[in-house]
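Structure first, then comments.
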Amino acid sequence: IMIYRTGEFCNMKVGDIVKLKDRFYESGTYAIVLEVCIASAPGKGGWVSTDYVVMTNKGIHCRIAESVVDHVYSSI
């Protein structure tokens, strides 16, 4: 298992287990990544946005950003 802290280069992938930051514990302590969603606008002034659909240990499905994650426990 590889462990990353957010702030380092950390692209989560489907199947990764993540520990959520303390302030998000109402939704759950841990979650599994179910889907990676990437949106982009190419060209000059373009951008790329990534968010993740997860299921928490409380059974809640939600969409999160990497800023919500404290640790990533990689599935590979």
Side-chain angles (χ1 to χ4, degrees):
I1 293 178
M2 299 181 70
I3 300 175
Y4 301 94
R5 280 192 71 67
T6 54
E8 298 176 10
F9 183 77
C10 119
N11 287 324
M12 294 182 286
K13 61 190 173 306
V14 172
D16 283 353
I17 303 296
V18 297
K19 181 178 182 202
L20 305 177
K21 290 184 177 175
D22 294 348
R23 66 179 175 262
F24 300 102
Y25 279 4
E26 182 177 308
S27 298
T29 308
Y30 292 91
I32 186 167
V33 178
L34 302 176
E35 183 180 356
V36 178
C37 305
I38 300 172
S40 64
K44 185 177 180 181
W47 51 266
V48 176
S49 174
T50 306
D51 65 350
Y52 306 87
V53 176
V54 300
M55 183 175 67
T56 70
N57 59 297
K58 292 184 178 181
I60 299 170
H61 285 82
C62 52
R63 187 175 297 269
I64 65 169
E66 283 187 7
S67 61
V68 173
V69 176
D70 187 34
H71 286 87
V72 177
Y73 302 94
S74 180
S75 59
I76 296 180

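Keep in mind the model is a prediction, meaning the values are calculated, not measured.
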The reported gap from CZ in Arg63 to CG in Asp51 (rounded to nearest 0.5 angstrom) is 4.5 Å
Got a sec, which pairs hit side chain to side chain donor-acceptor pair (under 3.5 Å) with one end in residues 24-43, sequence neighbours left out? Asp22-Tyr25
Are any of the side-chain nitrogens in Asp70 or Lys21 under 4.0 Å away from the carboxylate oxygens of its partner? no
Quick check: closest heavy atoms across Thr56 and Gly28, and the distance to 0.1 Å? CB-CA, 4.1 Å
Are Ile60 and Val33 connected in the hydrophobic side-chain network, where two residues link if heavy atoms are under 4.5 Å apart? no
Run the side-chain contact (heavy atoms from CB on, under 4.5 Å) check on Cys37 and Val53 step by step: do they pass? CA-CA 8 Å; Cys37 305; Val53 176; 4.1 Å; yes
Can you tell me how far the CG atom of Leu20 sits from the SG atom of Cys62, to the nearest 0.5 Å? 7.0 Å
hydrophobic_cluster_shared for Tyr52 and Ile38, side chain cutoff 4.5 Å: yes
Can you tell if the side chain of Leu34 reaches within under 4.5 Å of the side chain of His61, non-hydrogen atoms only? yes
So Val18 and Met12, do their side chains get closer than 4.5 Å, heavy atoms only? yes
Those residues at least two apart in sequence (or on a different chain) that pass side-chain hydrogen bond (donor to acceptor under 3.5 Å, both in side chains) with Asn57 are none
Smallest heavy-atom separation, Ile64 atom then Val69 atom, equals CD1-CG2, 3.8 Å
